[in-house]
Every structure is written in structure tokens, then in C-alpha cells.
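All residue numbers refer to positions in the sequence shown, counting from 1.
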Amino acid sequence: RFLQVQTAMLQAALSRLEPELLRARLLAIVAQTQGYAHGLWWQLTADAPQEMVVVATYGAEMEPFLGTRQALDDPGSFAAHTIRAALPQYCNQAQESPFTGYGLTPSLPQQALLGWPLNTHTGAVSGAITFAETRDPARFTALDLEQGVVLAAHMAQSIERSAFFARLQQLEAQHRAVTESMHDGLFMVNLAGHITFTNTALGQLLGRESTELLGRPSTDFYVSEAVPTIVERRRRAWQQEPVSPYFQTALWHRDGRQIAVELAITSLSLEGQILGRVGVVRDLRPRLRIQAEMEQRRRETEILGELVSHL
């Protein structure tokens with residue numbers, strides 16, 4: 001049975017559920033497999049460090065207590081006692097104990113209590129899992145504590161991973177929103193010079209789908225005379241030699257046209273190790289048109305001035 005609950009928990013953790021849903025799922029798996037009648041998942045609150053709140057429940061009678069808060073210094077709270085002690089514990093004959101703050105109504109009296117603290121990867125206590133038995137006053141044993149150490153660790157780790165992936169997905173969505181709102185092209189290359197990321201704007205500039213660019217050498221899209229300069233700049237960057245980020249050149253459009261661009265490229269590093277290069281590509285054609293128009297007006301003004309001077 002103990003192996004069964006661990007397998008079921010692993011399957012739930014791999015489902016990539018949001019932390020809120022995963023807590024309820026893990027609590028139900030443990031309670032059903034271990035034969036626990038009622039359960040609550042307590043979490044320390046961020047807004048009030050000396051309080052804890054119920055973030056998941058098991059058992060129909062427990063659902064009304066979702067969101068219930070208790071103080072960590074409440075002497076009658078079994079959950080608070082478990083968190084303060086930071087050790088798994090059980091309390092049989094609970095009616096004779098000082099613990100009255102489990103949150104059960106008088107119509108659902110507690111006979112025995114079981115508590116497992118939840119620890120983060122740093123060892124800090126983040127909350128507790130508590131179970132209650134309403135029929136057998138001698139329900140829990142030392143075996144529940146031994147198994148609880150393992151199961152609580154799995155539960156805490158699963159939630160940490162779930163929260164990490166949820167945050168990662170949020171950051172990826174934010175990153176995508178930023179990059180896709182840019183008018184300039186954006187790309188990244190790895191140490192081999194192959195494109196690993198582009199935004200839509202770069203694909204549009206080159207007349208291609210962004211997916212067509214992925215995995216290809218970035219030099220495939222530069223005009224031939226620019227390739228030696230690009231390769232040399234990249235070599236110097238890998239050697240961590242100073243390289244100006246700005247560079248003007250031309251890229252090939254799908255239809256064979258050359259697109260004048262200005263590049264701003266810098267190295268992408270993590271903890272001092274270069275992982276690749278990231279670049280912003282700006283279409284120079286609008287600027288060049290404006291410069292040409294200004295030059296045309298300047299020449300027209302000069303010609304007009306010469307004509308006036310001869311009148």
C-alpha cells in the first residue's frame with residue numbers, strides 16, 4: 001500500500017497540475033490509500049508570517065474549512081503544534097488532549113490526530129498536513145509517522161516543482177509577449193552559431209516563418225561579404241575580447257532582395273559562462289529613405305539658391 005501511494009503521488013506530480021489543484025489531489029491520494037478519513041493541508045501565510053491557512057481539504061465535512069486561518073501560537077491547534085515542533089506526531093485519545101483547534105465542528109468530534117510538517121528544499125517548515133479520525137481513538141501508530149516522513153517530503157517537493165513550473169510558464173508567457181510586441185527582429189544563437197530563438201518580427205523582415213530560421217546557421221541569412229566579419233566578431237566574443245555590439249550589414253530576403261539592417265549583438269552569459277549571442281535586428285530602410293529624402297531636399301535647396309543668386 002505504501003508503494004502504491006508513492007506511485008500515485010508521482011503520477012499526480014508529473015501531471016503538471018497547478019499548485020492549488022495538485023495539493024488537493026495529493027492530499028486525496030494519501031488519505032484514500034492510507035485510509036485516513038479527514039485531512040487538511042495547512043500553509044504558512046506570506047502576508048501574516050505568524051498565521052497558517054487551510055489550502056486544501058479531504059473529506060466532504062472538511063470542505064467548509066478551506067481558507068480557515070489559525071495563529072501559530074494557538075496552544076489548542078494541533079497543526080500549529082506540528083509546525084512549531086517541526087516533527088511528525090500523532091495524538092490518540094484526542095478528546096482527552098489539549099488540542100481543540102483542529103477546526104472540526106462539535107457534530108464531528110476528533111478521536112485521534114496525525115500531523116506531518118512540510119519542509120522546503122532548504123529545510124524550512126512551510127506548513128503541515130493533518131489527518132483526523134472520528135471513530136477509532138487509537139487509530140495512529142509509529143508506522144504512520146515513519147511513512148509520513150517520506151510522504152510529506154514527496155508532497156512538499158511536488159508542490160515546489162509545480163510552483164516552479166507554473167512560474168516558469170508565466171515568465172515564458174511574459175517573455176513571449178514582450179518579444180512579440182517588438183517591431184525589431186530578435187534572435188539568439190548558440191555556441192555553434194545556430195539560431196535557437198527568433199521573434200515574429202525577424203521572420204517578417206526576411207519573408208519567412210520564424211520556425212524556418214530555427215536550427216539553421218545565422219550566417220545563412222547574411223550577404224556573403226558580411227560572413228567573414230560575423231564569424232570574426234563571434235570568435236572574439238567567445239574569447240571574451242571587446243567587440244562593439246553595433247554593426248551594419250544586409251540580410252537576404254526570401255525573394256532574393258538584400259535588406260539593409262543595423263545589428264546590436266551581445267553575448268548571453270550565465271554565471272560567467274557564455275551560452276551564445278543575442279541580437280536585435282533593425283530595418284534600416286525607413287531611415288535610409290528619410291536620409292535620401294533629406295539629401296534630395298538639401299540638393300534642391302542648393303540648386304534653388306544658385307538660381308536665385310543669378311537673378
Quick one: side-chain hydrogen bond (donor to acceptor under 3.5 Å, both in side chains) partners of [X], sequence neighbours excluded?
X    : result
R282 : D184
H183 : none
S267 : R277
Y36  : D144

Which residues, ordered by chain and number, are linked to [X] in its hydrophobic cluster, where ILVMFWY side chains connect at heavy-atom gaps below 4.5 Å, directly or through other members?
X    : value
I290 : M294
W238 : L191, I274
L87  : none
V223 : W252

Please output the side-chain donor-acceptor pairs of residues 255-264 that fall under 3.5 Å, not counting sequence neighbours, one pair per line with the distance.
{"from": "D255", "atom 1": "OD1", "to": "H253", "atom 2": "ND1", "distance (Å)": "2.9"}
{"from": "D255", "atom 1": "OD1", "to": "R257", "atom 2": "N", "distance (Å)": "3.0"}
{"from": "D255", "atom 1": "OD1", "to": "R257", "atom 2": "NE", "distance (Å)": "3.1"}
{"from": "D255", "atom 1": "OD2", "to": "H253", "atom 2": "ND1", "distance (Å)": "3.4"}
{"from": "D255", "atom 1": "OD2", "to": "R257", "atom 2": "NE", "distance (Å)": "2.7"}
{"from": "D255", "atom 1": "OD2", "to": "R257", "atom 2": "NH2", "distance (Å)": "3.2"}
{"from": "R257", "atom 1": "NH2", "to": "H253", "atom 2": "NE2", "distance (Å)": "3.3"}
{"from": "E262", "atom 1": "OE1", "to": "R287", "atom 2": "NH2", "distance (Å)": "3.3"}

Rounded distance [0.5 Å steps], OG1 in T219 versus CZ in F221:
9.0 Å
pair [X]-[Y]: side-chain heavy atoms closer than 4.5 Å:
X    : Y    : value
L145 : L114 : yes
H121 : Q157 : no
Q70  : W42  : yes

Given the rule that I, L, V, M, F, W and Y join up when any side-chain heavy atoms are under 4.5 Å apart, are V281 and F247 in one cluster?
yes
More than 12 heavy atoms of other groups within 6.0 Å of R135 CZ:
no
Step through the shown structure and confirm whether more than 12 heavy atoms of other residues, nucleotides or ligands are within 6.0 Å of CD on Q273.
no
Quick check: closest heavy atoms across [X] and [Y], and the distance to 0.1 Å?
X    : Y    : value
T33  : I29  : OG1-O, 2.7 Å
W116 : P88  : CD1-CB, 4.1 Å
D136 : A112 : O-CB, 3.8 Å
P286 : D283 : CD-O, 3.5 Å
G35  : R139 : O-NH2, 3.4 Å

Partners of Y58 by ring-ring contact (aromatic ring centres under 6.0 Å, His included), sequence neighbours excluded?
none
Do you know which of T198, V280, T200 makes side chain to side chain contact (heavy atoms under 4.5 Å, CB included) with L186?
V280
Run the side-chain donor-acceptor check on residues 79-86: report pairs under 3.5 Å with partners two or more places apart or on a different chain.
{"from": "H81", "atom 1": "NE2", "to": "Q89", "atom 2": "OE1", "distance (Å)": "3.1"}
{"from": "T82", "atom 1": "OG1", "to": "F78", "atom 2": "O", "distance (Å)": "2.9"}
{"from": "T82", "atom 1": "OG1", "to": "Q89", "atom 2": "NE2", "distance (Å)": "3.4"}
{"from": "R84", "atom 1": "NH1", "to": "L72", "atom 2": "O", "distance (Å)": "2.4"}

Exam field: side chain N92 to backbone F140, donor-acceptor pair closer than 3.5 Å
yes
Can you give the donor-acceptor pairs under 3.5 Å from side chains of residues 201-218 to other protein atoms, not counting sequence neighbours?
{"from": "S210", "atom 1": "OG", "to": "N199", "atom 2": "O", "distance (Å)": "3.2"}
{"from": "E212", "atom 1": "OE1", "to": "R254", "atom 2": "NH2", "distance (Å)": "2.3"}
{"from": "E212", "atom 1": "OE2", "to": "E209", "atom 2": "N", "distance (Å)": "2.9"}
{"from": "E212", "atom 1": "OE2", "to": "R254", "atom 2": "NH2", "distance (Å)": "2.6"}
{"from": "S218", "atom 1": "OG", "to": "R234", "atom 2": "NH2", "distance (Å)": "2.8"}

